[in-house]
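A quick write-up on the structure given underneath.
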Amino acid sequence: MDITDELRAYREKDIPYSRVLSSMCTIPHPIALEAHSMFIETNLGDPGIFRGTLELEKKLMEMLGKILHCDNPAGYICSGGTEANIQGIRAARNIQRSKNKPNIVIPETAHFSFEKIGDILGVEIRRAGIDEEYRVEVGMVERLIDDSTVAIVGIAGTTELGQIDPIVELSKLAEERGIELHVDAAFGGLVIPFMDDPYPFDFQNKGVSSITIDPHKMGMATIPAGGIVFRSEKYLRALEVETPYLTSKAQFTLTGTRPGTGVASAYAVLKHLGFDGMKEVVNKCLDNTRLLVEEMMSLGFEPVIEPIMNVVAFPADDAERLKEELYRRNWVISTIRNPRAIRFVIMPHVTEEVIKSFISDFRKIVGR
Ligand SMILES: *Cc1c(COP(=O)(O)O)cnc(C)c1O
């Protein structure tokens with residue numbers, strides 16, 4: 001068999017995005033594909049060679065800085081939200097180096113990447129509880145902070161419910177205590193700024209030190225394209241190691257060799273769509289989320305919380321069984337454990353037609 005036929009056969013076993021209602025990734029924008037293929041050979045791990053790509057990354061960081069209300073953004077495009085979170089916390093720990101047995105305080109609803117962070121960085125992870133709206137309890141965060149706390153974490157768009165933590169209050173707390181505040185906006189970072197009346201989750205709060213914002217989610221860039229943005233250069237300095245045989249003197253990234261494809265594809269999409277184009281994409285996703293909620297309510301399902309963004313979950317005791325039956329019919333949804341619920345992410349590929357077709361199959365499964 002021809003190699004490409006062989007590859008195609010494997011690829012055809014993958015489930016197409018049009019059947020996936022659980023992923024925070026989506027079909028890349030056509031302009032992202034074009035940009036990706038133009039930069040396929042690039043390696044930002046050796047920036048003296050790929051100086052044009054490096055310049056483009058700087059321009060993209062300025063764009064992200066503008067979206068996040070930061071005048072002098074420092075950071076880079078990385079492998080994803082996991083690496084961005086690792087680097088945010090690593091910078092915080094290094095800046096607050098003097099502290100013995102460092103710890104961080106995160107919301108109970110934080111992404112599982114923080115498990116890895118605790119293990120890799122050797123920082124103790126303290127989990128603060130949440131209120132009835134699934135936002136972190138600021139009072140609880142405050143009680144968990146002690147002299148060894150290097151950072152607190154807020155989430156702008158929780159992975160499970162799309163909820164936004166009270167970043168304004170967390171920022172005041174971080175300022176008062178002289179510690180870092182990392183905001184995990186891996187998903188929400190390219191949703192909230194384009195919503196009507198957006199919640200102020202970003203650098204406009206003086207206590208915010210770093211933000212995770214992933215172009216390979218709602219930015220419709222090609223994978224991998226995560227983003228870490230710091231308030232200033234000093235955080236990058238805290239991450240540097242010397243690089244003896246490369247074209248650069250020092251490296252602040254976690255990975256060495258890294259692609260320029262994410263930079264090019266993310267830049268292309270943001271430049272092509274502009275603020276208004278992004279707003280249109282986000283609004284469409286929010287409209288479609290409302291459509292799904294209406295359809296689900298007509299089948300007797302109520303959302304866990306009124307959706308803030310294009311993520312929504314519906315309590316169901318038999319969530320696992322529903323997920324499995326749907327998977328058998330080639331539909332992918334996800335489940336969450338607290339509360340036991342079925343969860344949906346309404347990405348740009350989840351169109352009105354996809355929702356209608358899903359509901360018609362789902363109706364058969366629940367027998368309504
Ligand atoms: C998706 C997500 C991550 C992890 O991002 P990856 O790109 O999968 O590494 C981290 N935090 C939040 C809030 C996310 O939604």
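Remember, it's 1-based here, ligands and their atoms both numbered in the order they're listed.
- If you look at Phe252 and Phe230, their ring centroids are not closer than 6.0 Å.
- For the residue pair Thr247 and Asp46, a side-chain donor N or O sits within less than 3.5 Å of a side-chain acceptor on the partner.
- The contact set between ligand 1 and Thr82, taken as ligand atoms under 4.0 Å from a residue heavy atom, comprises 4 (C), 5 (O), 6 (P), 9 (O).
- The shortest N/O to N/O separation between Thr158 and ligand 1 does not fall below 3.5 Å.
- Residue Ile40 qualifies as enclosed at atom CD1: its count of foreign heavy atoms under 6.0 Å is above 12.
- With a 4.0 Å cut-off on non-hydrogen atoms, Glu83 does not touch ligand 1 at all.
- For ligand 1 and His216, the ligand atoms under 4.0 Å from any heavy atom of the residue are 7 (O).
- Atoms of ligand 1 lying under 4.0 Å from at least one heavy atom of Met24, given by number and element, are 15 (O).
- In summary, the atoms of ligand 1 found under 4.0 Å from a heavy atom of Lys217, numbered by their order in the structure, are 1 (C), 2 (C), 3 (C), 4 (C), 5 (O), 14 (C), 15 (O).
- No salt bridge links Arg290 with Glu294; every basic N to acidic carboxylate O contact stays at or beyond 4.0 Å.
- Residue Ala110 places no heavy atom under 4.0 Å from ligand 1.
- Ranking the protein heavy atoms by distance from atom 11 (N) of ligand 1 puts Asp184 OD2, 2.6 Å first.
- Near Asn85, meaning under 4.0 Å from one of its heavy atoms, ligand 1 places the atoms 10 (C), 11 (N).
- Shown here is Arg368, whose CZ atom has more than 12 heavy atoms of other residues, nucleotides or ligands within 6.0 Å.
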Run the numbers on Asn72 and Ser232 for side-chain hydrogen bond (donor to acceptor under 3.5 Å, both in side chains), then give the verdict. CA-CA 6 Å; Asn72 296 298; Ser232 70; over 6 Å; no
Audit row: Lys101, Glu124, side chain to side chain contact (heavy atoms under 4.5 Å, CB included) steps and yes/no: CA-CA 8 Å; Lys101 292 201 178 151; Glu124 180 197 339; over 6 Å; no
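- Protein heavy atom nearest atom 6 (P) of ligand 1, with residue, atom name and distance: Gly81 N, 3.3 Å.
- Of the N or O atoms in Gly157, none lie within a sub-3.5 Å distance of an N or O in ligand 1.
- Atoms of ligand 1 lying under 4.0 Å from any heavy atom of Gly80, numbered from 1 in the order shown and given with element: 7 (O), 9 (O).
- Proximity of Pro303 to Phe344: side-chain heavy atoms (C-beta onward) are nowhere separated by under 4.5 Å.
- For ligand 1, one of its N or O atoms has an N or O atom of Thr159 under 3.5 Å away.
- In this structure, a donor-acceptor pair under 3.5 Å is present between the side chains of Glu320 and Thr335.
- Listed by number with element, the atoms of ligand 1 under 4.0 angstrom from any heavy atom of Asp214 are 5 (O), 7 (O).
- Residue Ala186 approaches ligand 1 through these ligand atoms, each under 4.0 Å from one of its heavy atoms: 2 (C), 3 (C), 10 (C), 11 (N), 12 (C), 14 (C).
- With rounding to the nearest 0.5 Å, the separation of CG in Leu254 from CD in Glu83 is 4.5 Å.
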